[in-house]
Amino acid sequence: MYPSDLLNFFICIAPSFKTDWCSDDNYSVDDDGSYTFHGVCTEFSHYFIDQDAHKYITLTDRKWKPSISNPDMKLLFDWLENHIQEVETKESLKTPEGLLSNAICTCFLENISQTNAGEYAKRFMGTRSREYFEHWHVYNKKL
């Protein structure tokens, strides 16, 4: 897998993410046009957090309106779950699979962990992603 595959997956799940990715505000693309798993996950986490449905979410009002349907949320988090390694080692970080796993955890799950988006997303997470997420999760409703 390559960072471009991850980017294409996120755009497939949330087509409007392509606009954010292609904007001049995206600092995750190097001058030569290259980017990493970590950069893609960071940009997608900002997109994910900024969804309007999360801004006023409560525990009894769980609506996702703008661009990711519940079936696609399930697909997204199932995919993420399947790409998180159970054990991260120095050696695993030298592989594309290890880098992807680390990026998902450190640049997506950590970034959403203290947001309305993270609170909303918990119900879609699998065991590994939820376990990692909970280490960082401190939720205070943000208005």
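Every value quoted in this text rests on a predicted model; they were computed, and no experiment measured them. We're numbering straight along the sequence, starting at 1.
Annotation: the span from Phe124 atom CZ to Lys74 atom NZ amounts to 9.0 Å, rounded to 0.5 Å. For the atom pair CH2 of Trp21 and CG of Asn8, the computed distance is 10.5 Å after rounding to the nearest 0.5 Å. Taken from CD in Glu110 to CZ in Phe133, the straight-line distance is 11.0 Å, to the nearest 0.5 Å. In this structure, CG in Asn116 is found 11.5 Å from CG in Asp50, a value given to the nearest 0.5 Å.
For the pair Trp79/Ile13, no side-chain contact is recorded, criterion being any heavy-atom separation below 4.5 Å from C-beta on. Looking only at side-chain heavy atoms (C-beta outward), Leu7 and Tyr2 stay at 4.5 Å or farther from each other. Under the 4.5 Å side-chain criterion, counting only non-hydrogen atoms from C-beta, His83 is in contact with Met1. You'll find the side chain of Leu75 stays beyond 4.5 Å of the side chain of Asp78, heavy atoms only. Looking at heavy atoms from C-beta onward, Glu43 lies out of side-chain contact with Phe10 at the 4.5 angstrom threshold.
Minimum heavy-atom separation, Met125 to Ser129: CB-OG, 3.5 Å. Between Thr106 and His38, the closest heavy-atom pair is OG1-CD2, 3.8 Å. Across all non-hydrogen atoms, the minimal contact from Ala121 to Phe77 is CB-CZ, 3.5 Å. Here the shortest heavy-atom pairing between Ser23 and Asp20 reads OG-O, 3.0 Å. The minimum heavy-atom distance linking Thr42 with Ser45 is given by the pair O-OG, 2.7 Å. In terms of heavy atoms, Ala103 sits closest to Cys41 at O-CB, 3.6 Å.
In this structure, Phe48 and Phe44 have tilted ring planes: the angle between them lies in the 30° to 60° band.
Checked by atom type, the side-chain pair Ser34/Asp32 shows a donor-acceptor distance below 3.5 Å. Side chains of Ser16 and Tyr47: a donor-acceptor N/O pair is present below 3.5 angstrom, by distance only.
The backbone N or O of Gln85 lies less than 3.5 Å from a partner atom in the side chain of Ser101, making a donor-acceptor pair. Distance alone, capped at 3.5 Å, places no donor-acceptor pair between the Asn26 side chain and the Cys22 backbone.
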Could you walk me through whether Tyr35 and Ser4 pass the side-chain contact (heavy atoms from CB on, under 4.5 Å) test, one step at a time?
CA-CA 8 Å; Tyr35 49 91; Ser4 59; 3.4 Å; yes
Test side-chain contact (heavy atoms from CB on, under 4.5 Å) on Lys122 and Glu134 and set out the steps.
CA-CA 9 Å; Lys122 286 191 319 186; Glu134 289 296 342; 3.6 Å; yes
Output, in order, the C-alpha distance, side-chain angles, deciding distance and verdict of side-chain contact (heavy atoms from CB on, under 4.5 Å) for Ile84 and Leu109.
CA-CA 11 Å; Ile84 295 174; Leu109 294 174; 3.9 Å; yes
Evaluate side-chain contact (heavy atoms from CB on, under 4.5 Å) for Leu99 paired with Asn102, printing each intermediate quantity in order.
CA-CA 5 Å; Leu99 288 171; Asn102 182 268; 5.7 Å; no
